[in-house]
Amino acid sequence: MAHAERYAQEMQERLGLGSDSFVLEIASNDGYLLQHFKNAGIKVIGVEPSDNVAAYAKEHHGIESIVEFFGKSLGDALRKKGISADLIACNNVLAHVPDIGDFVSGIGPVLAPDGTLTIEFPHLLQMLTQGQFDTVYHEHYFYLSLLSVERILGAHGLTVYGLEQLNTHGGSLRVFAKHSASEINDHALAETLAKVRRDEANFGLNSLAGYSGFAERPAQCKADLLSFLIDVWRQGKTVCGYGAPAKGNTILNYSGIGPELLPFTTDLSPQKQGKFLPGVNIPVFHPDHIKATRPDYVLILPWNLREEIVQQLSDIRDWGGQFVVAIPKLETF
């Protein structure tokens, strides 16, 4: 939520958005981001294929949503209706669309001549260097580099003119793009863009060499995590999980970890409580179960949120409890 609010403030300042501006968000969810533009008096509209979430955006935030999957046909249809967005936001959606070419080809028609497109996505370079193999799961069709995003945008008449590096999702990029014929210059963003281009080239993301060693990272993570959990079990100590994210299912299933080594995990989401993690049958409880059982260790499955989770569960220190993360390497603290 704080990330979304900062984004809205920064875009208003950077792009000079005001009451005459129009913001379109693709994959607008429940309006958590667009609400900040709307509250600033800026015209907004969302594209969100889930009708129940779009209904929430309307009811709670007064945000209109088009309940469809975005693509070329919808982009053309919106253009015919007069939609011309000064800002199009695509946060953590580009990796989720099976037909990425059709998706990107719909952006140009609804982007104003001098408009800006921003795309946020987890950075492939971070996935490779940090061993983030648990981000590989069913929702992700693509694992994106700046190199690949520049190519796909360029094929559809869009040019990347700037970049920001973000801490979200274990290390993400925010790409700023425009129509290829448009003249938008931002020297600060351009410097970061040039740096990341060099970083990707130096790592070898434009060749097979950059990917050849990645398979060793999951194997090492699996061995280290299993060794830790077995040692804890042999010592008669206890460990539980925090979180029930998709990435957690990837690492637990790959490592063959079931309730015999991780008796339970917890999650704040009521939709997950009382259920079991698929494949490994580990039960999911409310986080209060941690206080009730007082484990020696808490394994943080959504490691990208470790700082927030450590703050939420700081009282485990009262009984000498410690936190554990498995990625980028096994660490207890």
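The figures that follow rest on heavy atoms only: side chains count, while hydrogens, waters and symmetry mates do not.
Ring centers of Tyr297 and Phe323: at least 6.0 Å apart, outside the cut-off. Ring centroids of Phe133 and Tyr254 are separated by less than 6.0 Å, placing the two rings close together. In summary, the aromatic rings of His289 and Phe264 are positioned with their centroids under 6.0 Å apart.
Pairs passing the side chain to side chain donor-acceptor pair (under 3.5 Å) check and including a residue from residues 14-24, sequence neighbours excluded, read Arg14-Glu164, Arg14-Asp186. Sequence neighbours left out, the pairs with a member in residues 49-63 that pass side chain to side chain donor-acceptor pair (under 3.5 Å) are Gln35-His61, Glu48-Ser50, Lys58-Glu64. Among pairs with a residue in residues 143-164, those fulfilling ring pair (Phe, Tyr, Trp, His ring centres under 6.0 Å) read His140-Tyr143, at least two apart in sequence or across chains. Each salt bridge (Lys or Arg N to Asp or Glu O under 4.0 Å) pair with one or both residues in residues 320-333, not counting sequence neighbours, appears once here: Arg306-Glu331. For residues 280-300, the set of pairs meeting the salt bridge (Lys or Arg N to Asp or Glu O under 4.0 Å) definition, not counting sequence neighbours, comprises Lys291-Asp315. Note on residues 134-158: pairs passing salt bridge (Lys or Arg N to Asp or Glu O under 4.0 Å), not counting sequence neighbours, are Glu150-Arg197. Sorted by first then second residue, the salt bridge (Lys or Arg N to Asp or Glu O under 4.0 Å) pairs that include residues 222-248, not counting sequence neighbours, number zero.
A distance of 10.0 Å separates CZ in Phe285 from OG1 in Thr266, rounded to the nearest 0.5 Å.
In this structure, Phe121 and Asn91 have side chains that are not in contact, with every pair of non-hydrogen atoms separated by 4.5 Å or more. Looking at Tyr242 and Ile290, their side chains come closer than 4.5 Å, going by heavy atoms from C-beta outward. For the pair Leu330 and Val324, the minimum side-chain heavy-atom distance is below 4.5 Å. Residues Ser255 and Leu252 are not in side-chain contact: their nearest non-hydrogen atoms beyond the backbone lie 4.5 Å or more apart. When side chains are defined from C-beta on, Asn92 counts as touching His169, because their heavy atoms get closer than 4.5 Å. Counting heavy atoms from C-beta on, the side chains of Pro259 and Phe276 never come closer than 4.5 Å.
At least one donor-acceptor pair under 3.5 Å links the side chain of Ser180 to the backbone N or O of Gly157. Using modelled atom types, one side-chain atom of Lys272 and one backbone atom of Ala244 make a donor-acceptor pair closer than 3.5 Å.
With sequence neighbours excluded, no residue satisfies side chain to side chain donor-acceptor pair (under 3.5 Å) with Ser227. Considering only residues two or more places apart in sequence or on other chains, Tyr32 meets the side chain to side chain donor-acceptor pair (under 3.5 Å) condition with none of them. Judged as a side chain to side chain donor-acceptor pair (under 3.5 Å), and not counting sequence neighbours, the contacts of Glu10 are Arg174. Every residue meeting the side chain to side chain contact (heavy atoms under 4.5 Å, CB included) condition with Thr168, not counting sequence neighbours, appears here in chain and number order: His3, Leu166, Ser172. For Ala112, the side chain to side chain contact (heavy atoms under 4.5 Å, CB included) partners at least two apart in sequence or on another chain are Ser84, Asp86.
Under a hydrophobic-cluster definition in which Ile, Leu, Val, Met, Phe, Trp and Tyr are linked whenever side-chain heavy atoms come within less than 4.5 Å, directly or via other members, Phe70 and Val175 are assigned to the same cluster. Cluster annotation: Leu299 and Leu313 are assigned to the same hydrophobic cluster (Ile/Leu/Val/Met/Phe/Trp/Tyr, side-chain heavy-atom contacts under 4.5 Å, transitive). One hydrophobic cluster, built from ILVMFWY side chains closer than 4.5 Å, cannot hold both Leu125 and Val149; they sit in different ones.
For Asp76 and Lys80, the salt-bridge test fails: no basic side-chain N is under 4.0 Å from an acidic carboxylate O.
Considering every non-hydrogen atom in both Ala57 and Ser65, the closest pair reads CB-OG, 4.1 Å. What you find for Asn249 and Pro278 is that their closest heavy atoms are OD1-CD, 3.6 Å.
For the residue pair His123 and Gln130, no side-chain donor N or O sits within less than 3.5 Å of a side-chain acceptor on the partner.
Other residues, nucleotides and ligands place more than 12 heavy atoms under 6.0 Å from the CZ atom of Phe228.
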